[in-house]
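Below is one structure, written out as structure tokens, with a few remarks after it.
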Amino acid sequence: MDFRTQSASFDALASVSADALIVVIAGSSLPKNLDKAVASAAQDAIKLGDFELKTGQVLSVMRPQGLKAPRLVLAASGAGTVKAARAALAGALAQVKGRGVAHAAAAFVGFDGLSASLAEHVVLAAREAAYVYRHTKASAPAAKLAKLTLLTDKGDLEAGKAAKTGLALGAAIANGVDMAREFANRPGNIATPTFLGEQVKQLGKEYGFKVEVLDRKAVEKLGMNTFISVAQGSDEPLRFIVARYDGGAKTEAPVVLVGKGITFDSGGISIKPGAGMDEMKFDMGGAASVIGTLRAVGELKPKLNLVVLVPSCENMPSGRAVKPGDVVTSMSGQTIENLNTDAEGRLILCDALTYAERFKPAVVVDVATLTGACVIALGGVRSGMYATDDELAGELLSAGDAALDLCWRMPLDDEYEEGLKTNFADLANVAGREGGSITAAKFLQRFAKYRWAHLDIAGTAWKSGSAKGATGRPVGLLTHFLLGQAAKPAAKADKSAAKAQKA
Ligand code: BES
Ligand code: MN
Ligand code: ZN
């Protein structure tokens, strides 16, 4: 999709040419400087009782009087926040979806100027509206909307620059989000571990990442026995994907992202009920999101070093499958009793977390569709976030806020670890039903010997029902987090101080 900016006086929107003019209005009254034709259409609609300046209200007007554009879409955002503006724009875009609108122009009136953040979310909202899953459909019409012009008010001197910055960031994130959605939406027989490995290799060629894809033999050599124990029930070969982006100084410790890449989770011998089991093709949502984030990083080229790790396999029942009660020695040396083969995500992640140690990371963040309990706790609005230190938690929270890809901090009190005790191994892979997302995080924490955070995206990675499909979350959160890490003056200063000391 093509995004442009165009300077236009908000008191002369009538002359804007596009298939649809979208006017997003903040506040509870029409701004004074608003174009007369737009204002009179809005006033008429308000008088007729068809439109109110209240959050969520949208109205399309065909052949609006005095306007060059053949369609006018009014959208009330209520508050003048970016979040409200994005929601209002999404509402307006839903109105023109499937219609003959190839080019839309959007003006945000009554706002306190146009910020880079607003421009970013204009792109994200438009790209979200335009995404169509086509890969396994013989007939799926592409979205018609191909071009969006963001109108900046002539009087708003900062707007042009802010819009350009925001549009570029939004496009990079949207490309990452679309890639994550596309991979996660593809069925388990297509988006296999092998497929993911090949796609990351391809991405490496495009952006200059170093990519290694390890097979079963290689991970056996590394001692990743818990990862292998999950994969062993399936005929589909496992992959362990390692990708590196070097954008920082050689001496700088990297950020490591780890994504759960279960391409289908049947539950294994502790098999899941049949209803809705198809949705377990989305169980590689964590992997999809870290790969999508890698793509965004390739485009944005922030000054930092990044390592992306994806343990990927299927979780299937068979004569070779791991059984409840089996004890396996993880790469860390800790033994694990498998009390429920459906708690497989933590078993592939724990070996990946141990593998991450070799990079002497500044911080490791793992991302996983880990527990149904997290869906119960937080639903589909916020991802569960766990962090071993407050600063890191704060950074992830604000990255989520900036990206409108929200998360919520969950606790890591040691009391939650009690349930993981067993008579037959160093730890069990499940505790009781209570606090299931937290006990899963406590399991992972046993393997994280560095600054670490964990995102449980079981509720946010995909939608069910008629809107069934991957969301591409948390690519936005992760990208903002990485940009924040790259811009962190304190850490850089610390490192150069350490370097100076050594010299
Ligand atoms: N992939 C699932 C988690 C999941 C379930 C995500 C439902 C989204 C919706 C995970 O591997 C799993 O099965 N977890 C179990 C853990 C339990 C056995 C301790 C769960 O949540 O039921
Ligand atoms: Mn499972
Ligand atoms: Zn799973």
Side-chain angles (χ1 to χ4, degrees), residues 184 188 191 193 226-227 229-234 236 238 258-289 310-317 321-326 336-352 366-384 410 416-422 427-444 454-465 468-471 473-474:
T226 48
F227 176 28
S229 75
V230 173
Q232 75 193 32
S234 172
E236 197 61 61
L238 66 76
V258 183
K260 171 179 171 182
I262 294 289
T263 56
F264 187 72
D265 180 12
S266 70
I269 296 297
S270 316
I271 199 161
K272 288 180 181 292
M277 207 205 270
D278 64 288
E279 295 192 6
M280 283 299 128
K281 73 171 184 179
F282 294 121
D283 210 17
M284 34 64 81
S289 75
V310 173
S312 182
C313 67
E314 282 184 345
N315 184 24
M316 295 287 276
V322 69
K323 306 175 293 299
D326 284 3
I336 298 160
E337 184 183 21
N338 193 328
L339 287 178
N340 187 326
T341 66
D342 199 9
E344 85 298 340
R346 59 198 81 181
L347 297 177
I348 71 168
L349 290 168
C350 70
D351 282 342
D366 77 69
V367 190
T369 50
L370 203 61
T371 65
C374 193
V375 189
I376 302 298
L378 297 173
V381 180
R382 287 179 187 259
S383 304
M410 303 278 283
Y416 287 110
E417 211 181 320
E418 279 298 299
L420 295 172
K421 284 190 176 149
T422 158
L427 75 166
N429 73 331
V430 294
R433 269 165 49 83
E434 294 170 0
S437 174
I438 311 169
T439 54
K442 289 307 287 181
F443 179 95
L444 294 176
H454 158 60
L455 294 168
D456 192 335
I457 59 164
T460 53
W462 76 88
K463 291 180 183 161
S464 305
K468 192 191 284 183
T471 60
R473 292 176 68 180

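In listed order, ligands and their atoms are each counted from 1.
- Using a 4.0 Å cut-off between heavy atoms, M284 makes no contact with ligand 1 at all.
- Of all protein heavy atoms, the one lying nearest to atom 12 (C) of ligand 1 is D342 O, 3.2 Å.
- Using a 4.0 Å cut-off between charged nitrogen and carboxylate oxygen, K260 and D366 do not count as a salt-bridge pair.
- In terms of protein heavy atoms, atom 9 (C) of ligand 1 is closest to M280 CE, 3.7 Å.
- Among protein heavy atoms, the minimum distance from atom 19 (C) of ligand 1 is reached at V430 CG1, 3.5 Å.
- Each protein N/O/S atom under 2.8 Å from the Mn ion (ligand 2) was counted, for a total of 4.
- Using a 4.0 Å cutoff on heavy atoms, R433 does not count as a contact of ligand 1.
- Only protein N, O or S atoms were considered, and those under 2.8 Å from the Zn ion (ligand 3) are K260 NZ, D265 OD2, D283 OD2, E344 OE2.
- Between G436 and T371, the closest heavy-atom pair is O-CG2, 3.6 Å.
- Residue I262 does not touch ligand 1, judged by heavy-atom distances below 4.0 Å.
- Look at E279 and you'll find every heavy atom at least 4.0 Å from all atoms of ligand 1.
- The nearest protein atom to atom 10 (C) of ligand 1, hydrogens excluded, is given as L370 O, 3.3 Å; this is a heavy-atom distance.
- With hydrogens and angles disregarded, a donor-acceptor distance shorter than 3.5 Å links the side chain of T369 to the backbone of D283.
- Defined by atom type and a distance below 3.5 Å, a donor-acceptor pair is present between the side-chain atoms of S464 and E279.
- Around atom NZ of K272, more than 12 heavy atoms belonging to other residues, nucleotides or ligands sit under 6.0 Å away.
- Each of N429, L420, T422 was compared with E337 under the side-chain contact (heavy atoms from CB on, under 4.5 Å) criterion, and only T422 meets it.
- Looking only at protein heavy atoms, the nearest one to atom 6 (C) of ligand 1 is A458 CB, 3.6 Å.
- Looking at F443, F282, W462, it is W462 that brings a heavy atom closest to atom 8 (C) of ligand 1.
- For a threshold of 3.5 Å applied to N or O pairs, the pair formed by R346 and ligand 1 contains no separation below that value.
- Looking from atom 2 (C) of ligand 1 to the surrounding protein, the closest heavy atom is D265 OD2, 3.6 Å.
- Every atom of ligand 1 with a heavy atom of N340 under 4.0 Å away is listed here by number and element: 18 (C).
- At least one N or O atom of G372, backbone or side chain, sits closer than 3.5 Å to an N or O atom of ligand 1.
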